[in-house]
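Structure first, commentary second.
Letters A, B, ... are given to chains in the order of the sequence lines, protein chains preceding strands, and every chain is numbered from 1.
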Amino acid sequence: MSELVKNKQLSEEEFIINMGPQHPSTHGVLRLILKMRGEFIEDLVPDVGFLHRAIEKIAENRTYAQFMPFTDRIDYCASMPSNLAWAVAVEKLAHIEVPERAQHLRVIMTELNRIASHLIWLGTMSLDLGAFTPFLYAFRERERILDLFEMTCGQRLTYNYMRIGGVSQDVPAEFYDRCRSFTKDFRKKVDDYEAILTYNPIFLSRTKDIAILPVEVGLSYGASGPTLRASGHDWDLRKIHPYSSYDKFSFAVPIGTKGDVWDRYIVRIEEMRECCAIVDQALEGLPEGPLKAKVPTLFKPAAGETFARIEAPRGEMGYYIIADGTTKPYRVKIRTASFGNLQLLRYLSKGWKIADLVAIFGSLDVILPEVDR
Amino acid sequence: MGVIEKAPLYIEKIPGGGVVTTSVEGILNWSRACSLWYLLFGLACCAIEMMATGASRYDFDRLGMFFRASPRQADLMMVCGTVTHKMARRIKTLYDQMADPKYVLAMGGCASNGGPFYYDSYSVLKGIDKVIPVDVYIPGCPPRPESLLQGALKVREVIMRQKLKDFAGDQPMQ
Amino acid sequence: MTKQEIEQKISRDYGEHIQIQEIDQPEPYVYINRDKYVEFCRYLKNDAELAFDFLFQLGGSHFDDRFEICLTLASHKHKHEMVLKVKLSADDPQINSVIDTWHVADWYELEAMELFGIKVVDHPEPRPLLLYEGWEYGFPMRRGWTGPDFIPMPDKTQSAE
């Protein structure tokens with residue numbers, strides 16, 4: 001084949017291809033404009049904005065409590081951490097102390113949602129690579145987590161559970177046993193997923209040594225979360241700048257070695273196991289107490305600014321709030337993890353084939369409403 | 001939906017096998033309704049509920065519905081999620097690419113009329129029925145999988161009520 | 001380094017170009033002049049004791065008399081954070097790009113250009129990012145902007161007070 005090309009009997013040329021907004025592998029509405037030479041990618045430009053819902057403009061006309069449901073919709077696969085980021089930022093602005101029971105409940109819900117978010121990632125990534133079974137298994141476990149959430153706050157996907165100063169509802173009596181039985185069974189289920197995928201020769205040939213990310217490049221491109229930890233950089237905001245009583249629990253932070261697609265996969269699988277450990281510890285030591293600090297109904301923080309960031313399942317998520325002394329914020333700037341992670345795609349995919357692009361994009365775990373807001 | 005249940009009334013025993021008599025409308029509507037293939041068109045949060053409805057616990061496959069990635073192979077377009085002005089043009093293109101007969105289901109508040117983004121948003125289209133004709137609306141943010149299953153059954157009712165003359169006559173072929 | 005140590009160090013090195021904001025938050029909030037902005041960012045990243053190698057976010061704001069660009073920086077080496085702000089004029093806001101220092105500033109600056117109208121003069125590839133092709137209704141994130149299909153929510157909180 002290459003002799004034909006060298007002798008100019010078959011020509012290989014550059015062409016531009018569109019991987020449009022409706023595509024089974026772009027998780028959400030992302031348009032990629034690819035400049036190809038044969039099967040290899042020379043350059044790629046992501047075209048985003050198909051889900052730009054002007055949430056920052058909406059924030060200027062809602063009170064602090066009224067904005068909480070919108071934070072759910074910024075990252076809907078992990079609504080509890082998105083709620084938590086807004087609650088932590090406003091509490092930092094107004095110097096509110098959250099009671100201890102509420103903090104432990106926040107940790108339990110956030111970690112359960114981290115498992116649910118990683119399960120969606122696992123299902124969709126293996127669906128892209130051609131394995132349909134892990135998708136069904138992952139969604140089956142996820143249904144058990146959603147049962148726990150529905151028991152507590154009544155919703156399956158966008159919870160609006162956290163409030164400024166605490167949480168909104170207490171967990172019912174059945175929650176404790178069902179949660180414990182879930183975490184006990186879930187560790188065995190993760191072993192099942194690993195048995196299908198981790199050392200499977202087809203999966204290894206599609207993910208090993210593909211798109212290696214060096215740490216300095218990752219930092220410069222704003223990568224965070226498992227994407228950065230897979231390159232060997234030990235950085236988890238739950239350990240470095242602990243918030244919301246994470247310093248009371250002991251857990252390990254999985255780190256990769258090389259930074260290829262397989263490392264990004266294995267870091268998230270290990271994180272699911274660690275989340276079970278955190279949930280067990282938080283459930284063990286759940287203290288009695290109030291669920292919410294005393295916050296006035298028409299909450300008017302003093303004029304000022306703040307920023308706060310937390311470790312969401314996809315990376316670092318945070319808010320920068322400018323308050324002007326009224327009930328509504330003056331300016332809210334939302335920083336999401338996928339905004340930085342998606343800019344990496346252009347750097348990582350140069351020189352790989354288009355089939356590798358699907359694996360690389362799956363491993364970055366990008367969700368589009370985070371990018372577009 | 002009555003063909004299979006009333007089959008014993010209609011089957012005449014003749015040497016060599018059984019014969020079923022029905023109307024052309026009945027058999028066409030029944031075959032369309034029981035094998036709706038939907039276009040995988042998840043835009044936002046409702047897409048996760050659509051995926052959960054198609055997955056293990058609430059299964060779409062038992063209704064004969066399976067996802068297709070290409071609009072040429074799909075009958076039903078389930079618009080799940082918020083539609084922005086930038087995306088609206090592409091939705092019209094995709095709708096035109098689907099072959100007749102095609103049906104549209106607007107899932108969730110955002111696709112029905114803008115949802116929570118109705119006020120104060122400069123880039124959200126307030127409902128997809130401004131761009132394409134919709135058959136069934138499902139309220140909710142996001143609707144539960146049971147709501148989505150009922151919506152799919154309502155689409156089947158819409159199909160079973162169709163008459164042959166809707167597909168023939170002076171309608172131009174698209 | 002603590003908040004006081006960071007403020008002392010940057011006052012020593014860039015004293016006449018910066019202005020430290022008095023605020024009740026654990027991180028330093030610093031204003032920098034527009035002409036020293038790129039040089040200061042490079043200094044913040046390359047200095048061994050400060051080492052701000054992670055740009056967390058870059059966003060614009062619109063006030064009555066000015067625009068502002070606000071950066072949130074973090075250091076992975078020394079585990080401290082700070083906020084850097086630049087004031088821009090209200091009628092012709094212009095700023096230089098810091099994409100050579102932190103690559104992630106690329107899309108943040110595109111967003112500020114598109115939604116606020118802040119011109120980033122030496123951005124390598126200016127293009128629309130979030131709004132649709134053919135958007136001609138101005139810069140939507142500015143305060144007091146209205147446009148077609150923009151329905152403001154009626155304010156019901158006034159009656160409760």
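For B/R90, the salt bridge (Lys or Arg N to Asp or Glu O under 4.0 Å) test picks out C/E133, with sequence neighbours left out.
Only the backbone of C/L130 comes within contact range of chain B, with at least one heavy atom under 4.5 Å from a heavy atom of that chain.
Per-residue heavy-atom pair counts under 4.5 Å with chain C were compared for B/M87, B/R89, B/K126, and the maximum is reached by B/K126. When each of C/W145, C/F150, C/Y137 is scored by its heavy-atom pairs under 4.5 Å with chain B, the top score falls to C/F150.
Side-chain contact of C/Q25 with C/K3: a donor-acceptor pair under 3.5 Å is absent, judged by distance alone.
Taking the ring axis of C/F63 as reference, the NZ or CZ atom of C/R66 stays within 45° of it and closer than 6.0 Å to the ring centre.
You'll find the side chain of C/Q94 stays beyond 4.5 Å of the side chain of C/L88, heavy atoms only.
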